[in-house]
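A short worksheet on the structure shown next.
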Amino acid sequence: MKHFLVLFFLHGVLCNGSSLTISLESLVTWEGSCVLIPCQINETLHFANLTLATVAWYFQPSSTHTWLDYSGHPIYDSSKTLEDHANLTSPHFQDRVQFVGDLSIGDCSLMITQLRMNDSGTYSAKVATLDENQDGQQMFQSTKIHVREKPPEPKMEAMRVGTQEWWTMKVICSASYHCPEEPMVLILRGLEKHLPKRTIGNRIIQTTVSFEPTWEEERKKVTCLLTSKDGAQKSKSTLQLDVKHVPLGVQLVLLNNLPIKEGDNVRLNCSVRRSLPDDNWYNWAKSDSHTIEHRYSGPKLLTFPAIPGPATSYRCEACNWVGCTSSQTVTVDVHFAPKDVSIWKGAPKYIDEGSIVQLRCQVGMANPRNFSYAWYHDGQKLNATNEMLIFPEIVMAQSGNYWCEVSNSVGTNISPRILLHVICYQCYRTPLSITLSPLASWKGSCVWIPCYINESPHTVLSISVLWYFDPDIWYDYSDHLLYDSSKTPMDQVNLTSPAFQGRVSFVGDLSKADCSLMITQLQPKDSGTYRTRVLASITDYPWPLKRFLSATVNVTVAPRDVRALADTEEVVRVDHSLRLRCEAGMANPQELTYKWYKNEEQLELVSTDVLLTIKQVRRKHIGIYYCEARNRVGVSRSLPIELKHFCGPSLPVDCYIKVWS
């Protein structure tokens, strides 16, 4: 038993340390095919050169215990002659065994043809060699062959090649190749539009197709066919492609026609050329010259109103569960009309005639900023088209309201008005004067406001008159216009302030320097200041002279809306003080006198007392009271009030006087 264990151990050492190699431990083939069993002898063994060698092959061998050798089913022995070899070969392998090696180069390969199912098993090679010292060596090596009824299915795999942003897919189909006498071909079905690459080597045949995945390949089934050279199918395998990648070809597209104008609806579309899977979500980023980048989530199509402001940059990011890809940056530049237009005045509040005056039309925001300018003086367009309006030597006739109009390709805006008030001392020394006398009248009557122009010592060539009622005054008159001599009677009707419609008559004669006005059907609210502006051209003076004068009209009214009421509390305890007050709602003049009455009898009080005071009110004071208010126009009486006496239910009894309206 010990002797057997030692021999077995030595056998293992020889096998494991031998220079005999068979390339594959297990070879899979199929019935009717052939198999080439590779066998190679290295040139050295333990640093000793090998010389002549013989090889013997066995099927399903068993080791002998007494000899380091194989026994059972010999199928080839290179030391035998052909005749001896024919008798040696196991009948099961007759005419199906070929030695295809070359011992002179250490090749001990064997081929089995016309394979049968019962050819499956272990095949072992025994190699006998001599080293340079003429010492004999034996080497043993085995492999297993599995003969299947049908060819095995080809092996298929798919892999990604490249970066995350740009990659290709590679589909590989391979099969073991053990029979050189029966060439096989691998064909990939489903990827015919792509060029295949076929290779044979290391006993493997392989077909590879590389391509850029598209929607067509998503979940596509690809079949690999193993065929003979004449096209006969042997076996096949199927693989379903799993094409997944981040969104590719992400582009941010501005859908608007340019230029974008204020009020337009800006539309930005984040387009994706390819994405697998395609259930994308989108992130947006924007920034301008005033803010850092701001990120937020949004839809694929981003819409928002175009508002004035600096140009804003937008960028989108398309994401799926594989990853995210950013687009290029798109700038949205909104065009809008000039805003915050104003006039800068390089002059004092009051301007001396002959001074240099400069006005500049300023714009706060606008896009684009290529402007055109227009200037206006009292509604008349000037022949000025620059940003600056310059008066080298301003004259009084150039006084008035000025504004500028700024335009770009989008629109126009107008500045607020500014007033230039030119003072002309020489002008005011001229003898031109206006006589205007104030008058008073009463409600329902009329008033004639006289107005005359003194011509001496000059001759008045032309006169223009405007009348106003309580106008806004800011170096000129405006609002509540009553009459304009430059308008036709038809225009005058529409021009007159609504409160005076049908009640204003111009009774003057400008040809006779008479600028008088009449107001009829006077009402209390007509009381106030009436002002006239006269423009007159005179001889020996180069420009029109402007004069502003006023007259006061006082429409008198008798007291109205007179009321008697309690000035103290309405309920007063007996023996306490009680005061009644007399009030008038409207009166002109306001200098009023008052009288108090009880039960139609006048009370003896001071006539100017607005208050009726009862220092210790008692039961004898109950009754009906009223008051009268009087001015020099007339008198009005109030509605009556009543003083009543009553006592409370508690003890001791408390009595009161109450004022009833």
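What you see is a predicted model; the values in this text were computed from it and never measured.
The line from OG of S527 to NZ of K525 is 12.0 Å long, rounded to the nearest 0.5 Å. To the nearest 0.5 Å, atom NZ of residue K197 and atom OG1 of residue T208 are 7.0 Å apart. To the nearest 0.5 Å, atom SG of residue C224 and atom CG of residue L186 are 4.5 Å apart. One finds the CZ atom of F500 at 8.0 Å from the CD atom of Q523 (value rounded to the nearest 0.5 Å).
Counting only N and O atoms by type, the side chains of S271 and N269 include no donor and acceptor under 3.5 Å apart. In this model, no donor atom of one side chain and acceptor atom of the other lie less than 3.5 Å apart for T556 and N588. No side-chain donor-acceptor contact under 3.5 Å links D333 and T331. N320 and D279 share no donor-acceptor pair across their side chains, judged by distance under 3.5 Å alone. No donor-acceptor contact under 3.5 angstrom links the side chains of D352 and S355, judged on distance only. A donor-acceptor contact closer than 3.5 angstrom is absent between the side chains of D264 and N256.
At most 12 heavy atoms of other shown residues, nucleotides or ligands fall within 6.0 angstrom of atom CG in N257. In R198, the CZ atom is crowded: over 12 heavy atoms of neighbouring residues, nucleotides or ligands sit closer than 6.0 Å. Surrounding CD1 of I356 are at most 12 heavy atoms belonging to other residues, nucleotides or ligands under 6.0 Å away. Atom CD of Q240 sits in a crowded spot, with more than 12 heavy atoms from other residues, nucleotides or ligands closer than 6.0 Å.
Between D378 and Q398, the closest side-chain pair of non-hydrogen atoms is not below 4.5 Å. Put simply, the side chain of I449 does not reach to within 4.5 Å of the side chain of M518, judged on heavy atoms. Between M388 and Q358 there is a side-chain heavy-atom pair separated by less than 4.5 Å. Residues N408 and P368 meet the side-chain proximity criterion, which asks for heavy atoms closer than 4.5 Å. By the 4.5 Å heavy-atom criterion applied to side chains, S237 and K155 are not counted as neighbours. Proximity of W403 to L359: side-chain heavy atoms (C-beta onward) are nowhere separated by under 4.5 Å. The side-chain heavy atoms of V553 and I519, taken from C-beta on, include no pair separated by under 4.5 Å. Residues L258 and I260 are in side-chain contact: their nearest non-hydrogen atoms beyond the backbone lie under 4.5 Å apart.
Between F304 and the choices Y296, Y314, W284, the ring-ring contact (aromatic ring centres under 6.0 Å, His included) rule is met once, by Y314.
Ion pairing between a basic and an acidic side chain is recognised when a charged N comes within 4.0 Å of a carboxylate O; R295 and E317 show such pairing. With respect to D526 and K443, no salt bridge is recorded, no charged nitrogen being found less than 4.0 Å from a carboxylate O.
The two residues T496 and L482 make their nearest non-hydrogen contact at OG1-O, 3.3 Å. Taking all atoms of both residues into account, the shortest heavy-atom contact from L188 to C173 is CD2-CB, 4.0 Å. Between M169 and L241, the shortest heavy-atom contact is SD-CD2, 4.2 Å. Minimum heavy-atom separation, V272 to A318: CG2-CB, 3.6 Å. Contact between P299 and Y282 at its shortest, heavy atoms only, is O-CB, 4.2 Å. Nearest approach of S485 to L510, heavy atoms of both residues: CB-CD1, 3.8 Å.
Aromatic ring centres of Y530 and Y468 lie farther apart than the 6.0 Å criterion allows.
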- [ ] Start with the C-alpha gap between M365 and F336, add the side-chain angles, then the distance that decides, and say whether side-chain contact (heavy atoms from CB on, under 4.5 Å) holds.
- [x] CA-CA 9 Å; M365 294 194 308; F336 53 94; 3.7 Å; yes
Open item on the list: Evaluate E157 against K170 for salt bridge (charged side-chain N to carboxylate O under 4.0 Å, His left out), listing each step before the verdict.
Closed with: CA-CA 8 Å; E157 61 178 332; K170 182 181 287 187; over 6 Å; no
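Remark: Y402 engages H377, F391 in a ring-ring contact (aromatic ring centres under 6.0 Å, His included) (not counting sequence neighbours).
At distances below 3.5 Å, at least one donor-acceptor pair connects side-chain atoms of N367 with backbone N or O atoms of V334.
A salt bridge (Lys or Arg N to Asp or Glu O under 4.0 Å) check over residues 301-315, counting only residues at least two apart or in different chains, returns the pairs E293-R315.
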